[in-house]
Structure formats: structure tokens, C-alpha cells
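To start, the structure under review is shown below, and the notes come after it.
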Amino acid sequence: MRLLKPNDISPSEITPPEIYRERRRFMQGSIALLGGAALAAAGEPQAATRIAGVRASAYKLDEDKTPYKDVTTYNNFYEFGTGKDDPAANAHTLRTRPWTVRVEGEVKKARTWDIDALMKLAPLEERVYRMRCVEGWSMVIPWVGFPLAELIRRAEPTGNAKYVEFVTLNDPKQMPGVRSRVLDWPYIEGLRMDEAMHPLTLMAVGLYGEVLPKQNGAPIRLVVPWKYGFKSAKSIVKIRFVERQPHTTWMAAAPSEYGFYSNVNPQVDHPRWSQARERRIGEFLKRDTLMFNGYGAQVASLYRGMDLQKYF
Ligand code: MTE
């Protein structure tokens with residue numbers, strides 16, 4: 001699978017902030033005039049989708065957040081098409097209720113969680129994370145979620161659980177993209193147990209204080225901010241604890257291009273492009289990509305002694 005390409009956004013695709021603000025003001029005016037319908041059409045959050053009781057957290061960044069509009073209209077979600085605007089256009093057919101997540105494998109307490117129970121499993125927090133796509137663009141997103149570690153503790157993994165595999169929904173009736181064979185479905189991702197238990201690893205159920213939009217992986221997705229974005233599997237239906245390293249979708253598609261670890265690393269280039277720099281969506285000039293996407297102080301110890309050129 002060679003679809004993930006470096007992403008050189010032409011300057012004309014980036015809306016200068018003053019025009020963006022102007023457009024927003026205009027939109028807000030029309031929203032006032034037309035009410036909810038215009039609001040929905042604009043892709044802006046609606047009051048009804050706000051998540052109650054979200055706590056602030058210590059995970060903040062001194063960087064501008066990527067506007068809601070960009071976070072929800074510039075996406076990768078191949079189950080809804082391979083274009084950046086396909087998920088926002090097509091994901092309305094995804095049904096997020098009822099929804100269950102099966103937790104199974106090498107655990108003492110296998111269980112099928114209803115999504116609404118899962119959302120109450122632990123206090124929901126807002127965490128602002130840097131996200132870096134393997135294609136070379138990045139965003140800063142205020143997620144709402146809970147640490148995956150909270151779910152893992154309740155499952156009581158056995159000593160054989162060395163990895164966690166994430167399986168996402170594969171339903172051609174709801175997801176037009178899975179009728180095409182661009183990838184092997186379902187989309188599968190995986191983490192080593194210590195990565196999955198790491199306090200930064202989040203199960204996200206929302207962003208910008210709102211219920212997660214369908215194009216961003218509703219109703220629940222993984223967020224691993226020190227790894228390339230494709231590790232952050234969307235619309236998860238199964239979490240399996242396993243002894244062997246999962247065979248992930250992107251490894252199956254192009255093993256020489258997408259490794260299991262996929263840690264953000266400006267010193268390890270993709271075979272077809274450099275990973276040294278990135279374009280923050282909404283910014284004009286490229287910026288340097290940071291080792292582990294800037295989370296090295298928290299996660300570098302997980303990889304001590306490993307050859308990161310080999311285990312890319
Ligand atoms: N999850 C599923 N199920 N299907 C996908 O195609 N794309 C991945 C990841 N999770 C993908 C997925 C990629 S390549 C990226 S960069 C991120 O989702 C994008 O997340 P975002 O659209 O919320 O920014």
C-alpha cells in the first residue's frame with residue numbers, strides 16, 4: 001500500500017489567519033440568522049454534542065491549537081475514502097450507537113464494554129497533544145479521553161500479555177471505503193504493553209470538549225502522541241492482549257515503509273521522503289520535527305538500548 005505520500009500543501013491551500021477569522025465572523029453571522037442547520041453544515045460543534053464533566057489536565061502546550069475546522073475536515077480515515085476531505089464528507093453513515101468494545105485475549109477479565117459505560121470508566125480529561133502524521137503534516141489537538149492504562153488495569157492482563165492489538169470497525173454498509181481494497185480490513189494497530197500502559201497513551205472520546213466527530217474516529221479511538229498518526233486507530237471495536245507482536249495493517253501494506261514502532265524520529269527518513277521537518281496545518285513555514293514528537297522526556301526510556309534505525 002503506497003498511498004501515504006509526503007504532503008506538500010501548496011500555500012494556496014492554507015487559509016491565512018485573517019481570512020480565516022473573517023470567514024468565521026461571517027459564518028457566525030449566518031449561524032445567528034439560520035440557526036442550527038447552518039451550524040451543522042459549517043461543521044462547527046453543536047451545543048448538544050458537548051461532553052459534560054471534562055476535567056482540565058496538566059497536559060497542555062504552549063502552542064496554538066489547530067482550528068476545529070481543520071481538525072475535522074483534513075483527515076485520514078481510509079474506511080471513508082483516501083482523500084483528505086473524504087472522511088468529513090462520508091463518515092455521516094457511521095452509526096456510533098449502539099457500540100461495544102470487546103476486551104479479550106491474555107486477560108483474566110475479558111469483557112464487552114458498552115461505549116457509554118466505557119466513557120464513565122475513568123474521569124474524562126482534556127489533553128492537548130501534538131500530532132504528527134507520517135506524511136509530514138502536524139496538528140495540535142485538545143483531545144478528551146482517559147488513559148488506556150485505566151482500561152488495561154481493569155482487564156487484568158496475564159503474564160503472557162506482551163502486546164495490545166486494536167481492531168477497528170469493518171462494515172461495508174457503513175464504510176464505503178472498505179469496499180475498495182486499498183488496505184487489508186479491518187484496520188489493525190498495535191502497541192507493546194509498556195507503550196500501552198504509558199500515561200500519555202489515551203483513549204479519546206472527544207475533541208475541543210465535544211463528542212468525537214465521526215471523521216476523527218468516533219465513538220472511541222487511540223491517541224499515541226509520540227508516534228506517527230497511523231498508530232492512533234479510529235473507531236475501535238476490539239482490544240486484544242496477545243503474546244506476539246501484532247501484524248498491523250500498514251506493516252502488511254508496505255513493510256519497508258511502515259514499521260511496528262513508528263516513533264516520530266526526524267533522524268530516520270521514510271524510504272521515499274525526509275522526516276526532518278513538518279508542516280503544521282495553518283502555518284506557512286515548515287518547522288523542525290522533534291524526536292518522539294517532543295515527548296522524549298516522558299518516553300525515551302521505553303526504547304533505551306534499542307536501535308531505532310532498525311526498529312523504526
Ligand atoms: N484509523 C482507521 N481505522 N483508519 C485509518 O485510515 N488513519 C490513521 C489514523 N487512524 C486511519 C486510522 C492515520 S494515517 C492518521 S494520520 C490518523 O488516524 C489521522 O487522525 P485524524 O484524522 O483525527 O487527524
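Ligands are counted one by one from 1 in listed order, and the atoms in each one are counted from 1 as well. Treat the numbers as computed from the prediction; the structure is a model and nothing was measured.
Annotation: salt bridge (charged side-chain N to carboxylate O under 4.0 Å, His left out) contacts involving residues 160-169, sequence neighbours excluded, comprise E165-R240.
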Under the side chain to side chain donor-acceptor pair (under 3.5 Å) rule, what do T112 and R102 come out as? Steps first, then yes or no, please. CA-CA 4 Å; T112 302; R102 176 73 189 159; 2.9 Å; yes
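Taking a cut-off of under 4.0 Å to the non-hydrogen atoms of T168, the atoms of ligand 1 that pass are 3 (N). If you number the atoms of ligand 1 from 1 as listed, the ones under 4.0 Å from a heavy atom of F230 come out as 8 (C), 9 (C), 13 (C), 14 (S), 15 (C).
Legend: residues meeting ring-ring contact (aromatic ring centres under 6.0 Å, His included) with F77, ordered by chain and number and at least two apart, are F80.
If you check the side chains of R280 and S138, you find a donor sitting under 3.5 Å from an acceptor.
Of the protein's non-hydrogen atoms, the one nearest atom 7 (N) of ligand 1 is N76 O, 3.3 Å. Nearest protein heavy-atom contact of atom 6 (O) of ligand 1 is Y78 N, 2.8 Å. Of the protein's non-hydrogen atoms, the one nearest atom 21 (P) of ligand 1 is K234 NZ, 3.4 Å. Atom 17 (C) of ligand 1 has its closest protein heavy atom at G229 O, 3.5 Å. If you check which protein heavy atom lies closest to atom 4 (N) of ligand 1, you get E79 OE1, 2.8 Å.
Between the side chain of E106 and the backbone N or O of E243, no donor-acceptor pair lies under 3.5 Å.
Under a 4.0 Å N-O distance rule, the pair R130/E278 does not qualify as a salt bridge.
Residue contacts with ligand 1: N75 is placed with a nitrogen or oxygen under 3.5 Å of a nitrogen or oxygen of the ligand (distance criterion only).
The option with the heavy atom closest to atom 16 (S) of ligand 1, from among G81, C133, A88, P186, is C133. Around atom 8 (C) of ligand 1, the closest heavy atom drawn from F77, Y187, Y228 belongs to Y187.
Ligand 1 lies within reach of R221, whose nearest heavy atom is under 4.0 Å from it. Using 4.0 Å as the threshold, S232 has a heavy atom nearer than that to some atom of ligand 1.
Expressed to the nearest 0.5 Å, how far CZ of F292 lies from CG of L308 amounts to 5.0 Å.
When F230, Y163, W250 are each tested for a ring-ring contact (aromatic ring centres under 6.0 Å, His included) with F260, only one passes: Y163.
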